[in-house]
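Every chain is numbered from 1 and lettered A, B, ... according to where its sequence line falls, protein lines coming before strand lines. Worth saying up front: this structure is predicted, and the values here are computed from it rather than measured.
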Amino acid sequence: AQSVSQHNHHVILSEAASLELGCNYSYGGTVNLFWYVQYPGQHLQLLLKYFSGDPLVKGIKGFEAEFIKSKFSFNLRKPSVQWSDTAEYFCAVTGFQKLVFGTGTRLLVSP
Amino acid sequence: DAGVIQSPRHEVTEMGQEVTLRCKPISGHNSLFWYRQTMMRGLELLIYFNNNVPIDDSGMPEDRFSAKMPNASFSTLKIQPSEPRDSAVYFCASTLDWGTDTQYFGPGTRLTVL
């Protein structure tokens with residue numbers, strides 16, 4: 001069965017620190033990959049997505065993610081986080097006609 | 001576009017009562033999804049529809065839960081009877097292409113069952 005793993009459940013960083021959130025999936029076929037963000041008290045919003053082409057994807061608010069097919073990974077990165085990046089981040093993968101979400105990573109950025 | 005609309009935004013009810021959550025997807029979107037989010041279980045897909053037809057309801061926890069989509073612009077998720085463990089935030093999302101496209105989420109309904 002298709003599954004998505006986010007290894008870090010909670011991450012605490014200081015402002016200006018660099019961020020990398022891991023995402024691995026298990027599905028051997030063609031996939032589309034997403035990162036969603038949920039700010040406190042809000043609904044999920046799309047951060048970035050990969051369908052095809054350049055495996056390095058740029059998203060909103062300075063986020064980027066790299067698709068490494070050989071590692072079945074789609075890690076999210078940001079070189080310098082801000083307090084306003086405090087949120088929960090979800091990786092999601094489509095495979096067999098279904099979008100599967102990871103369990104989420106809660107990021108707390110301290111000012 | 002107003003985005004995905006959900007009502008009510010908050011619902012407090014007593015155990016045993018019937019609860020109906022409503023969702024209006026983005027106009028033109030073909031697929032609609034219902035999710036439940038809790039601290040313990042995270043984000044769970046309950047059911048999704050394509051062109052108003054339920055495609056996968058394997059995530060519906062029990063027979064107490066039912067969902068309908070009578071037309072392209074409206075869906076309901078009903079819990080009858082409700083139980084305290086049903087307390088959660090219920091999100092509705094819609095998309096153009098059910099398998100691959102970006103899902104747009106509504107603001108959610110926060111349900112509390114006492």
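Of the residues A:Phe51, A:Phe74, A:Phe90, A:Tyr25, the one that meets the ring pair (Phe, Tyr, Trp, His ring centres under 6.0 Å) test with A:Phe34 is A:Phe51.
At a 4.5 Å heavy-atom cutoff, B:Glu44 makes no contact with chain A through either its backbone or its side chain. Heavy atoms closer than 4.5 Å to chain B are found in the side chain of A:Glu88, but not in its backbone. Only the side chain of A:Leu46 comes within contact range of chain B, with heavy atoms under 4.5 Å apart.
No donor-acceptor distance shorter than 3.5 angstrom exists from the side chain of A:Ser73 to the backbone of A:Asn24, with no hydrogens or angles considered.
In summary, the aromatic rings of B:Phe33 and B:Tyr48 are positioned with their centroids under 6.0 Å apart.
Put simply, the side chain of B:Pro61 reaches to within 4.5 Å of the side chain of B:Leu46, judged on heavy atoms.
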